[in-house]
Amino acid sequence: MRGHGRATPYLFLAPYLVLFTVFVLGPAVFGLWMSLHDWDFQLPGKPFVGLQNYKDLFDPLSATAEPFWHGMRATGIFTIASVPFLVAVPLGLAVLLNRHFPGRTFFRAVYFAPYVLGVAVIGLMFRYILDTTFGILNAFLGIFGVPEIGWTTEQPYAFVALVAVTVWWTTGFNAIIYLAGLQDIPAEQYEAAELDGANGWQKFRNVTLPGLRPVTVFIVTITLLASANMFGQALLITQGGPGDTTTTALMVITDVGFSQFRMGQAAAMSYLLALCLAVVALITFGLMRERKS
Amino acid sequence: MRRRPSAAFWVMVVLLTLLVVVPLLWMVITSFKSVGEAQADPPTLIPQEPSGRAFGEVLTTGGQNPVLRWALNSFAAASLHAVLVVVVASMAGYALARMEFRFKKFIFSFILLTLFVPGFVFLMPNYLLMDNLGWLDTFWALVVPGAAGAFGVFFMRQFFLAIPRELEEVALIDGANAWTIFTRIILPNARPALATLTVLSFLANWNDFVWPLFVLFSPERLTLPAGLSLLQGAYTTDYPVIMAGATVAAVPVLILYVFVQRYVIEGVARSGIKG
């Protein structure tokens, strides 16, 4: 039973497809086109330059290569340092929340709360908490005799701080997804493992982790995407410093595009970053599949 | 078989709760301090002379830092955005879940693929698009472009797939058309999903930081997140004022969250499974 005309599905899809074409598909293609032109926002002409914008990024003598790769390095360090924590900590929290205890729903809501605040509030809040001289974190650590640490002004502390803040902010989000995944693992699998005499750790390794593999792939993917997009935390907390060590790729891209008006160059940068991200994602998938067999 | 949680378990739960709550409390406490007290060493836990000066500064200086205006802008943009997402995504999700047509698989796969394209790729071209549409520094730039995201369609489709066929069949026999079935039978049965998508879209738009920072210029047109970064620039060392601004931004969403947390959490949970 079809019950609808041939055109009906397309009519239902039309409003979405119009928005999708204009604001997603079109811009994705247009961005590629821009990256092949000298698209200076202020100049009248936008001459075609072929792959020059991309070549410039690999030419150490060009003005854009150095800041771009510094940005890529900051984004890369942040990603490598944060993704393991952003996957493991939420997993631990989800296992904790998966137990039955009074107030579970309440605590689940509390742990998720930071995420609803958004990066602007989080950034300002931790800028103050992490301040070297009058931040409460150093005051607290001082009680235990820890000397003042430049959380926002010294390396490697600036990266430690950015990773820790991001974990604080987003752990609840990933934990809720893990929790849903945990509740999808059939209880019989645990019972079978118990009959085989498995202890808690063995059950976690042989039942929980394999059962969570699809969820983990999903979480790793969205976390990689989020890390590559890192911007607000570094802009508000470390202001890209010390030096330019935490000036992320996206900060460089927006600077070149919106402050220096060289949007073709900025578009080339964003496509190169996207390409690197795709490669990283594919390698990750490959590794995770390997473990399965 | 269920073991009762041990004391160590409760210690962990309480510590984690403190870890979440203390920074937020510290932000609120600081907003009632004087500039001097906010920089005192060692810090005071309770404001010695609590004052609403910082709140006065962010809420009343009108022209310079119109925090209330920013909040209103954010609220209006996020609400309109959420409505647009829900309308457009539920229609598309319905077609993709319940109808048969030639390019269904292709269209759905294509939409799904864009879930994995990083947002920064769209930044430059969409900025130029806004410029050409005359939407720079306007409300439309906040409301419309993000409404084409793949998540809403994917989310609604998953929900519609789970609605039993029998619900529609009586109406089909009565000769109802697709629009009637959609509005009279499908949508009323999808209320929880619609509520969840509304809340998730609202929050995402309310908290968006990068996009409003670059497409808005006039101080009176900023959203709260973009405005807050301006506030930090203007009051570099006046932490009570910055914390008051952050508090004004945080409290309304936290209150909203208390009422709708079930939808937020279920929506996030559902987005991760059966992908």
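Chain letters run A, B, ... following the sequence lines, proteins first, then strands; residues in each count from 1. Values in this document were obtained by computation on a predicted structure and should not be read as measured data.
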Which one, [options], leads in non-hydrogen pairs under 4.5 Å with chain A?
options: B:Leu203, B:Leu84, B:Ile111; answer: B:Ile111
options: B:Val22, B:Leu123, B:Val85; answer: B:Leu123
options: B:Phe116, B:Phe209, B:Phe182, B:Tyr94; answer: B:Phe209
options: B:Ile242, B:Thr30, B:Asp208; answer: B:Thr30
options: B:Leu224, B:Leu24, B:Val264; answer: B:Leu24
options: B:Trp206, B:Phe122, B:Phe110, B:Tyr127; answer: B:Tyr127

Rounded to the nearest 0.5 Å, what separation is found between the [atom1] atom of [X] and the [atom2] atom of [Y]?
X: B:Leu16; Y: A:Thr171; atom1: CG; atom2: OG1; answer: 9.5 Å
X: B:Phe120; Y: A:Leu277; atom1: CZ; atom2: CG; answer: 5.5 Å
X: B:Leu113; Y: A:Leu25; atom1: CG; atom2: CG; answer: 10.5 Å
X: A:Phe20; Y: B:Thr114; atom1: CZ; atom2: OG1; answer: 4.0 Å
X: A:Ile129; Y: B:Tyr239; atom1: CD1; atom2: OH; answer: 11.0 Å
X: B:Met99; Y: A:Arg6; atom1: CE; atom2: CZ; answer: 14.5 Å

List the atom of [X], the atom of [Y], and the distance in Å for their closest heavy-atom pair.
X: B:Val117; Y: A:Leu225; value: C-CD2, 4.5 Å
X: B:Glu100; Y: A:Pro9; value: O-CG, 4.4 Å
X: B:Pro118; Y: A:Ala274; value: CG-CB, 4.0 Å
X: B:Val20; Y: A:Val110; value: CG1-O, 3.6 Å
X: B:Met12; Y: A:Leu96; value: CE-CD1, 4.1 Å
X: A:Phe23; Y: B:Ala148; value: CB-CB, 4.4 Å

Interchain contact, [X] with chain A, by part (heavy-atom threshold 4.5 Å):
X: B:Leu228; answer: both
X: B:Arg102; answer: both
X: B:Ala38; answer: both
X: B:Leu133; answer: side chain

Residue [X] versus chain B: region with a heavy atom under 4.5 Å:
X: A:Thr254; value: both
X: A:Leu93; value: side chain
X: A:Met125; value: both
X: A:Trp33; value: neither
X: A:Gln239; value: side chain

Would one find more than 12 heavy atoms of other residues, nucleotides or ligands at under 6.0 Å from atom [atom1] of [X]?
X: B:Trp140; atom1: CH2; result: no
X: B:Trp10; atom1: CH2; result: yes
X: B:Phe108; atom1: CZ; result: yes
X: B:Phe259; atom1: CZ; result: no

Worksheet item: Going through the distances and angles, do A:Ile253 and B:Met124 end up as a side chain to side chain contact (heavy atoms under 4.5 Å, CB included)?
Response: CA-CA 9 Å; A:Ile253 290 171; B:Met124 299 300 140; 3.8 Å; yes
Practice prompt. For the pair A:Tyr16 (side chain) and B:Gly149 (backbone), establish whether a donor and an acceptor sit closer than 3.5 Å, ignoring hydrogens and angles.
Written response: yes
Worksheet item: Stepwise, does the side chain to side chain contact (heavy atoms under 4.5 Å, CB included) test hold for B:Gln261 with A:Phe112?
Response: CA-CA 9 Å; B:Gln261 52 98 358; A:Phe112 189 86; over 6 Å; no
Options [options], ranked by heavy-atom pairs under 4.5 Å with chain B, top entry:
options: A:Leu17, A:Asn174, A:Val121; value: A:Val121
options: A:Ala226, A:Ala120, A:Pro27; value: A:Pro27
options: A:Ala267, A:Ser35, A:Pro102; value: A:Pro102
options: A:Tyr115, A:Phe126, A:Phe140, A:Tyr10; value: A:Tyr10
options: A:Leu250, A:Leu236, A:Val22; value: A:Leu236

Are [X] and [Y] packed together at the side-chain level, in the sense that at least one heavy-atom pair is separated by less than 4.5 angstrom?
X: B:Leu213; Y: A:Phe258; answer: no
X: A:Val119; Y: B:Asn207; answer: no
X: A:Pro15; Y: B:Met91; answer: yes

Worksheet entry | Aromatic plane relationship, B:Trp26 with A:Tyr128 - under 30° parallel, 30 to 60° tilted, over 60° perpendicular |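 Parallel: the ring planes of A:Tyr128 and B:Trp26 meet at under 30°.
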Worksheet item: Can you say whether the rings of B:Trp179 and A:Phe12 are parallel (under 30°), tilted (30 to 60°) or perpendicular (over 60°)?
Response: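 Correct class here is tilted.
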Item to complete: Start with the C-alpha gap between B:Val13 and A:Tyr111, add the side-chain angles, then the distance that decides, and say whether side chain to side chain contact (heavy atoms under 4.5 Å, CB included) holds.
Response: CA-CA 10 Å; B:Val13 167; A:Tyr111 301 149; 3.4 Å; yes
